[in-house]
2 protein chains.
Amino acid sequence: MSSEVAPPRVSVERPRERADAARNRARVLAAAEKVFAEAGGADGVTMEEIARAAGVGRATLYRRYPDTTSIAQALLDEHESEIQAGILSGPPPLGMGAPPHERLAAFYRALVGLLERHLHLVLGAETGQARYRTGVYAFWRRHVEVLLEQAQAPKELADTLMAPLAPEVYRYQRQVRGLTPEQVAANLEYLSRRVLAGSPAER
Amino acid sequence: MSSEVAPPRVSVERPRERADAARNRARVLAAAEKVFAEAGGADGVTMEEIARAAGVGRATLYRRYPDTTSIAQALLDEHESEIQAGILSGPPPLGMGAPPHERLAAFYRALVGLLERHLHLVLGAETGQARYRTGVYAFWRRHVEVLLEQAQAPKELADTLMAPLAPEVYRYQRQVRGLTPEQVAANLEYLSRRVLAGSPAER
DNA sequence: CACTAAATGGGCGATATGTCCACTTTTGCG
DNA sequence: CGCAAAAGTGGACATATCGCCCATTTAGTG
């Protein structure tokens, strides 16, 4: 990040959000939450539909969000931040202090919980390519990378170990294969142990 | 598969494809191949665009394919069939005869090869949800399931072990993380050994 | 209380979709 | 060899969404 001549004022001098803007922001988010839940993802959800449900014009939506995925992303941010905080400064096994394979298992459990509670939002925000463009993916990825290093396993496995957390994979396991959230979490815990626990990698 | 009253004629009595239909089918597939390659996936590819590139009307496209993903799927079928044949009746380690973890590694290698050569088609055909609706996914899945059983590992891991083969994951590793196909394959081989080789699962 | 700037929402042109139907080509048959 | 039925084709049409523009409204400020 580069900074030009720093403005003399404190911080970035954001003009403060107007009252009606804040009100509409809240309306939009509440309406979008409902719309995504009903659609079960982002499939048929359009900007038009969210605008109608929120009782605002389409241009009001476009002012803040370029597309439906960024609205879902905004709704998710809050929940994802909680997990980030748990990783950075929470108690073990999610936070520091537990052995790598237990921390990975805890991380898996936390994200399975998120997927279970907000699958429609994650499908709306991180489907397909979009997943890898969100800032939060980089965070998850880095965390897994560190755990791999601590366990003396190749850190290039990070994306491989993240792949089962793609929302489409979770949806398929839950709705088509009929697994319970606990079963999914147990499988991932098994994976954690197999890959990170025991003898370090010989290769 | 169930059969009603079998028709007296040999086979299903398909009226045989007309010459102009066959010609246009070939044109469409050739044009679609090119269009997908240029777009690098299915992102901005429309039925209109493929029709224009093939020099046929849109209705001609819709007669055979309901959407762009099914066109990409048709183009992929051939290549995927080769791998299927290799699994069912080819030599080890892809075919029968090798230990499970080696067969899984060989399977991973075969699919990495497919992804490397035809990523744009796989992105066009199996992006997001569509991946789990293709017939071929069920085949891959079942194959991995059998290998898991043979290695006395929980067969519910099948989808988890398939997840890193999603085209978006491969694209990200190759184009964003800068891994080579060999590195991706090596990582997956490591995963195969860790999960399937050695002591059976205690749980 | 008036004034400025942010915020709003309806409307517009462009593009894609999926279906329909009149016309053309191929094929089977007398 | 020619003809009729059937299969195939392609352009047109109605509909929907997108992304943007701009006249109007509304909130905050001196």
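So you know, we letter chains A, B, ... as the sequences are listed, proteins then strands, and number each from 1.
Atoms CG (Leu61(A)) and C1' (dC21(D)) sit 17 Å apart, rounded to a whole Å. In this structure, the CG atom of Asp43(B) is 14 Å from the P atom of dA16(C), given to the nearest Å. dT25(C) atom C1' lies 13 Å from atom CZ of Arg63(B), rounded to whole Å. In this structure, the CZ atom of Arg64(A) is 17 Å from the C1' atom of dG19(D), given to the nearest Å. Taking atom OH of residue Tyr62(B) and atom C1' of nucleotide dG10(D), one finds them 14 Å apart after rounding to whole Å. The nearest whole Å value for the distance from the OH atom in Tyr65(A) to the P atom in dT8(C) is 11 Å.
Salt-bridge formation is not detected for the pair Arg177(A)/Glu156(B): no Lys NZ or Arg NE/NH1/NH2 atom is positioned less than 4.0 Å from an Asp or Glu carboxylate oxygen. Taking 4.0 Å as the cut-off between side-chain N and carboxylate O, Arg141(A) and Glu145(A) count as a salt-bridged pair. A salt bridge does not link Glu168(A) with Arg131(B): every distance from a Lys NZ or Arg NE/NH1/NH2 to an Asp or Glu carboxylate oxygen is 4.0 Å or more.
Remark: Arg18(A), Ala19(A), Asp20(A) in residues 18-27 of chain A come within less than 4.0 Å of DNA chain D through at least one heavy atom.
With no hydrogens or angles considered, a side-chain donor-acceptor pair links Arg171(A) and Gln129(B) at under 3.5 Å. Judged by distance alone, the side chains of His120(B) and Glu33(B) do bring a donor and an acceptor atom under 3.5 Å apart.
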task: Quick one: do Glu126(A) and Arg133(A) satisfy salt bridge (Lys or Arg N to Asp or Glu O under 4.0 Å)? Show the steps, please.
output: CA-CA 8 Å; Glu126(A) 302 180 4; Arg133(A) 302 197 186 110; over 6 Å; no

task: Test Tyr137(A) against Asp159(A) for side-chain hydrogen bond (donor to acceptor under 3.5 Å, both in side chains), laying out the working first.
output: CA-CA 10 Å; Tyr137(A) 183 81; Asp159(A) 295 305; 2.8 Å; yes

task: Walk me through it: do Leu165(A) and Leu188(A) pass the test side chain to side chain contact (heavy atoms under 4.5 Å, CB included)?
output: CA-CA 9 Å; Leu165(A) 293 173; Leu188(A) 292 170; 4.1 Å; yes

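At least one donor-acceptor pair under 3.5 Å links the side chain of Arg194(A) to the backbone N or O of Arg194(B).
Between Tyr172(A) and Tyr132(B), the two ring planes are parallel [angle under 30°; tilted spans 30° to 60°].
For Ala32(B) against Ile50(B), the heavy-atom pair with the smallest separation is CB-CG2, 4.0 Å.
At the phosphate of dG8(D), neither OP1 nor OP2 sits under 4.0 Å from any side-chain N or O atom of Thr60(B).
Comparing the helix axis at one end of the helix from dC1(C)-dG30(D) to dG30(C)-dC1(D) with that at the other, each defined from 5 consecutive pairs, gives an inter-axis angle of 0° (nearest 10°).
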Pairwise N/O distances under 3.5 Å, protein to nucleotides 12-17 of chain D:
residue : atom : partner  : partner atom : Å
dA12(D) : N6   : Arg58(B) : NH2          : 3.3

